[in-house]
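Each remark here refers to the structure printed beneath this line.
All values below come from the heavy atoms of this structure, side chains included, with hydrogens, waters and symmetry mates left out. Residue numbers begin at 1 in each chain, while the letters A, B, ... track the order of the sequences.
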Number of protein chains: 2
Amino acid sequence: MDGCSGTSEVPAMVVGGGAAGTPAASRWNPTKEQIDMLENLYRQGLRTPTADQIQEITGRLQTYGHIEGKNVFYWFQNHKARQRQKEKQDHLSLFRQYNHHHRHLHQPPFVHIPPPPNGPYF
Amino acid sequence: MDGCSGTSEVPAMVVGGGAAGTPAASRWNPTKEQIDMLENLYRQGLRTPTADQIQEITGRLQTYGHIEGKNVFYWFQNHKARQRQKEKQDHLSLFRQYNHHHRHLHQPPFVHIPPPPNGPYF
DNA sequence: AGATTATGAATGAATG
DNA sequence: CATTCATTCATAATCT
């Protein structure tokens with residue numbers, strides 16, 4: 001939970017000694033096969049896999065290299081988010097004076113004005 | 001996929017007033033002290049603080065920086081949820097993805113909130 | 001080598 | 001309490 005706000009960040013202890021053979025990855029680096037498979041799943045419509053699906057996928061991808069459940073989880077989160085962001089960018093750059101793409105943005109007639117959890121709490 | 005680089009900065013609807021100097025934090029950025037204290041409370045067994053407790057905690061944390069009740073509320077929600085997910089992920093691999101014996105962390109009726117090191121009180 | 005880009009990771013906020 | 005979205009930070013990859 002640090003994110004990075006604190007400027008006084010203790011430099012993470014990079015695992016792995018000076019041993020040359022062990023890169024000691026600080027973060028997961030997917031192999032081509034893994035990416036290919038993940039993108040394939042995404043293409044097939046999978047957007048936010050459930051815990052079970054993540055488990056399943058992780059297990060299969062482990063044959064191509066080290067990978068954990070959270071990596072799969074983050075991959076889908078990021079991929080989806082950035083795909084969405086791309087679309088936003090596209091529409092922002094060249095605003096079509098014609099009909100703008102819909103994008104099911106269901107907006108209730110009058111949206112709730114974020115009255116934060118004032119409900120039972122404050 | 002950019003993310004943060006300043007290729008084409010898309011200024012979202014930053015709420016900040018026209019005032020220049022104000023960083024206009026769009027979202028709460030906890031300080032180290034605040035996080036430390038929150039984690040400490042969590043360690044002591046506090047999981048879902050009541051409205052009163054939230055108020056109390058918020059008041060104390062305000063000495064370290066700007067913070068609102070909803071931030072405290074959300075922090076506990078998120079921390080608990082993510083701690084749970086972590087445990088799930090750590091113990092994946094083998095069977096028993098379901099129905100793990102969860103420890104009953106009984107929440108004490110009143111949690112002692114340690115006063116700040118140099119608090120305004122004595 | 002340093003700058004830039006792509007993307008993994010983290011977390012605040014919100015909704016169901 | 002779970003699930004999801006958005007934004008940001010950190011860093012591997014890549015380019016120049």
(message) Return the pairing partner of C:dG16 with a 3.5 Å limit on both distances, Watson-Crick or G-U wobble; otherwise return none.
(response)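 Paired with D:dC1.
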
(message) Once rounded to the nearest 0.5 Å, what's the spacing between atom CG of B:Asn71 and atom CD of B:Gln62?
(response)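 If we round to the nearest 0.5 Å, B:Asn71:CG and B:Gln62:CD are 9.5 Å apart.
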
(message) If I take atom CG from residue A:Leu38 and atom CZ from residue A:Phe76, how far apart are they, to the nearest 0.5 angstrom?
(response)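 The CZ atom of A:Phe76 is 5.5 Å from CG of A:Leu38, to the nearest 0.5 Å.
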
(message) With a 4.0 Å cut-off on N to O distance, would you call B:Glu56 and B:Arg60 a salt bridge?
(response)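 Salt bridge flag = yes for B:Arg60 with B:Glu56.
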
Could you state the atom-to-atom distance from [atom1] of [X] to [atom2] of [N] in whole Å?
X: A:His66; N: C:dG8; atom1: NE2; atom2: C1'; answer: 14 Å
X: A:Asp52; N: D:dA2; atom1: CG; atom2: P; answer: 14 Å
X: A:Phe73; N: C:dG8; atom1: CZ; atom2: P; answer: 14 Å
X: B:Asn29; N: C:dG12; atom1: CG; atom2: C1'; answer: 9 Å
X: A:Ile35; N: D:dA12; atom1: CD1; atom2: P; answer: 15 Å
X: A:Lys86; N: C:dT7; atom1: NZ; atom2: C1'; answer: 12 Å
X: A:Arg47; N: D:dA6; atom1: CZ; atom2: C1'; answer: 15 Å
X: A:Leu46; N: D:dT4; atom1: CG; atom2: P; answer: 11 Å

Under 4.0 Å between a side-chain N or O of [X] and OP1 or OP2 of [N]?
X: A:Arg27; N: D:dA10; result: no
X: A:Tyr74; N: C:dA10; result: yes
X: B:Asn78; N: C:dA13; result: no
X: A:Ser26; N: D:dA10; result: no
X: B:Lys70; N: C:dA13; result: no

(request) Evaluate the side-chain proximity of B:Thr31 to B:Ile67: yes if any heavy-atom separation is below 4.5 Å, no if none is. (result)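 Counting from C-beta outward, B:Ile67 and B:Thr31 never come under 4.5 Å.
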
(message) I'd like to check B:Lys80 versus B:Tyr42 (side-chain heavy atoms, cut-off strictly below 4.5 Å). Are they in contact?
(response)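 In short, these two side chains touch, coming nearer than 4.5 Å.
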
(request) Please tell me which of A:Thr48 and A:Ala81 maps to the more 5' nucleotide of DNA chain D, matching each residue to the nucleotide holding its nearest heavy atom. (result)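 Its nearest nucleotide lies further toward 5', so the answer is A:Thr48.
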
